[in-house]
2 protein chains.
Amino acid sequence: MSDPYPQPIVTIDVVLLTLKDGELHAAVALREREPQAGQWTLPGGFVHADEDQDALAAAVRILREKAGLESPYLEQLQTFANRHRDSRGWSVSIAHYALVPLAEVERSGDARVKWLAVDSIRTLPFDHLEILRTAVSRVRSKTLYSSLPVHLMPKTFTLSELQRVYEQLLGSSLDKRSFRRRIEELDVVEPAPAGRAAGQAHRPAQHYRIKRRAGRELAMAERNLGIRD
Amino acid sequence: MSDPYPQPIVTIDVVLLTLKDGELHAAVALREREPQAGQWTLPGGFVHADEDQDALAAAVRILREKAGLESPYLEQLQTFANRHRDSRGWSVSIAHYALVPLAEVERSGDARVKWLAVDSIRTLPFDHLEILRTAVSRVRSKTLYSSLPVHLMPKTFTLSELQRVYEQLLGSSLDKRSFRRRIEELDVVEPAPAGRAAGQAHRPAQHYRIKRRAGRELAMAERNLGIRD
DNA sequence: TTAATAGTGTCTGTCAGACACTATGTG
DNA sequence: CACATAGTGTCTGACAGACACTATTAA
């Protein structure tokens with residue numbers, strides 16, 4: 001169809017999340033162009049038809065260009081499309097969310113982004129606050145029944161550390177026995193051969209890492225399930 | 001940003017589903033323009049920036065224009081956006097899915113759409129088969145933990161009828177007691193004052209209807225939860 | 001030995017499935 | 001009454017939470 005209808009503007013926005021000081025933090029980037037130039041917004045940008053295979057690839061590129069990150073867990077969130085969200089007119093944002101371990105953030109040390117505790121963010125340009133809240137709500141909801149939070153962990157981690165992350169996301173404490181049963185059933189982590197040497201005055205914990213196959217397959221499975229959120 | 005990047009094409013596609021002869025059926029419409037003119041595809045179209053408030057409103061309009069339906073249950077599914085799905089180049093489809101009772105389909109009697117049993121559809125133009133399968137998988141998955149299938153029911157219905165619908169969607173039989181407990185807990189239906197007079201040689205069943213508040217609030221809640229699928 | 005955290009054994013209440021039973025209509 | 005479907009009572013096995021117990025390290 002070569003229709004006369006004016007086409008809406010299409011952008012990709014990414015809610016990039018990490019866990020820092022026991023709280024979820026989201027990345028915001030300084031916007032360079034109008035509208036809202038000079039404001040801190042969710043990292044986003046246009047699709048580059050010549051280099052991006054699909055929306056996910058565009059989101060990956062945006063994360064690389066704006067936050068210097070290479071391969072965080074990334075998934076489509078929801079599309080926000082209406083007449084009011086952008087002053088330029090009818091516009092579409094294919095929103096994604098990404099999880100990244102704090103260690104990755106610190107390693108990349110990208111100064112172009114700033115990290116804000118999500119629960120303290122009260123306003124953002126465009127409808128980015130709504131997008132952010134939708135992403136956070138999705139992550140917390142998935143924490144109830146999936147292994148999503150493992151993508152916030154460093155390369156290896158103990159089950160106690162993982163449990164603390166779940167508890168911080170959910171805002172409530174979990175029973176150790178039940179938690180370990182659940183994680184085992186999900187079958188997404190495996191013991192990491194050599195844990196760090198223990199230097200603590202107590203029994204050292206077994207270290208775990210994400211199972212290779214789980215990394216991809218789980219992401220796929222969760223995507224197919226769709227958003228239970 | 002007034003970027004030099006060529007903008008992708010944006011369309012809205014809708015997977016419209018009903019239950020007929022005990023099987024999920026999807027609506028396909030005869031496509032009038034190139035590419036794929038003369039092919040049966042999912043009902044879809046461009047956003048009309050002047051009349052559509054948002055993507056959902058555009059989907060509502062498309063259903064009205066292409067299938068003569070006024071207010072089926074409608075929800076955003078997922079956005080399909082890549083370089084290969086449309087011969088015109090990089091394109092975006094904000095896909096939605098809709099559920100409608102068979103009675104509504106027959107009442108509108110729109111000849112421009114054809115209904116096909118979803119499990120017998122082997123091919124569709126563009127990536128519409130993938131969109132269809134994603135929608136069907138989402139509906140079946142939501143059937144496991146939500147009251148979504150009530151939107152396939154006529155104005156009033158019995159719990160036995162509702163249970164048969166769940167069983168047809170899931171492809172397995174359910175225990176009567178457990179099913180009734182679940183539906184009661186979901187709190188989405190209420191007894192309909194005057195059931196049809198019974199003319200059958202057995203105890204007549206209580207008729208139910210969707211609770212007014214549940215209709216909206218549930219849809220909202222499910223949307224916020226996101227896609228557990 | 002104490003202290004601290006890791007990890008396991010096991011009891012128990014809850015709840016979903018199984019299934020038998022009662023209820024209510026027609027002929 | 002028989003028969004068919006609606007609707008309920010209740011048992012039981014599985015399982016998640018509670019929680020106490022053992023294990024392992026350093027000081």
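All chains are named by letter (A, B, ...) in the order of the sequence lines, taking the proteins before the strands, and each is independently numbered beginning at 1. Excluded from the calculations below are hydrogen atoms, water molecules and symmetry mates; all remaining heavy atoms, backbone and side chain alike, are included.
Here dC15(D) presents its P atom at 13 Å from CD of Glu184(A), a figure rounded to the nearest Å. Rounding to whole angstrom units, NZ of residue Lys176(A) and P of dA16(D) are separated by 18 Å. With rounding to whole Å, Gln163(B) atom CD is found 13 Å from dT8(D) atom P. Atom CZ in Arg182(B) sits roughly 8 Å away from atom P in dG17(C) (whole-Å rounding). Atom pair Leu162(B):CG and dA6(D):C1' shows a separation of 15 Å (rounding to whole Å applied). The interatomic distance linking His207(A) (NE2) with dA6(C) (C1') rounds to 11 Å, in whole Å. Asp175(A) has its CG atom 12 Å from the C1' atom of dA20(D), to the nearest Å. Atom pair Glu185(A):CD and dC15(D):C1' shows a separation of 9 Å (rounding to whole Å applied).
For His202(B), whose side chain is taken as the heavy atoms from C-beta onward, the closest listed nucleotide among dA23(D), dA4(D), dG7(D) is dA4(D). The side chain of Arg180(A) approaches dT8(C) more closely than any other nucleotide in the set dT8(C), dA18(C), dT5(C). Side-chain atoms of Ala205(A) lie closest to dA6(C) of the nucleotides dT24(D), dG7(D), dA6(C). Across dG7(D), dG7(C), dG17(C), the shortest atom-to-atom separation from the side chain of Gln206(B) is found for dG7(D).
Residue Glu184(A) places its CD atom among 12 or fewer non-hydrogen atoms of other residues, nucleotides or ligands, all under 6.0 Å distant.
Proximity of a side-chain donor or acceptor of Ser147(B) to a complementary backbone N or O of Val188(B) within less than 3.5 Å is not detected. Remark: side-chain polar atoms of His96(A) are paired, donor with acceptor, to backbone N or O of Ile94(A) under 3.5 angstrom. Within the 3.5 Å criterion, the main-chain N or O of Gly44(A) finds a donor-acceptor partner in the side chain of Lys66(A).
A distance of 11.0 Å separates CG in Leu42(B) from CD1 in Ile62(B), rounded to the nearest 0.5 Å.
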Give every donor-acceptor pair under 3.5 Å between a side-chain atom in residues 168-180 of chain B and any protein atom, sequence neighbours left out.
{"from": "Asp175(B)", "atom 1": "OD2", "to": "Arg177(B)", "atom 2": "N", "distance (Å)": "3.1"}
{"from": "Asp175(B)", "atom 1": "OD2", "to": "Ser178(B)", "atom 2": "N", "distance (Å)": "3.0"}
{"from": "Asp175(B)", "atom 1": "OD2", "to": "Ser178(B)", "atom 2": "OG", "distance (Å)": "3.2"}
{"from": "Arg180(B)", "atom 1": "NH2", "to": "Ser160(B)", "atom 2": "OG", "distance (Å)": "3.4"}

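If you find the closest nucleotide of DNA chain D to Arg164(B) and to Phe179(A), the one lying nearer the 5' end belongs to Arg164(B).
As judged by a 4.0 angstrom heavy-atom cut-off over every strand, Ser160(B) is placed among residues touching the sugar-phosphate backbone only.
Nearest heavy-atom pair across Tyr97(A) and Ala135(A) is CB-CB, 4.1 Å.
Proximity of Ser178(A) to the phosphate of dG17(D): a side-chain N or O atom is located under 4.0 Å from OP1 or OP2.
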All N/O contacts under 3.5 Å from nucleotides 9-13 of chain C to the protein, with atom names and distances to one decimal?
{"from": "dG9(C)", "atom 1": "N7", "to": "Arg177(A)", "atom 2": "NE", "distance (Å)": "2.9"}
{"from": "dG9(C)", "atom 1": "N7", "to": "Arg177(A)", "atom 2": "NH2", "distance (Å)": "3.1"}
{"from": "dG9(C)", "atom 1": "O6", "to": "Arg177(A)", "atom 2": "NE", "distance (Å)": "2.9"}

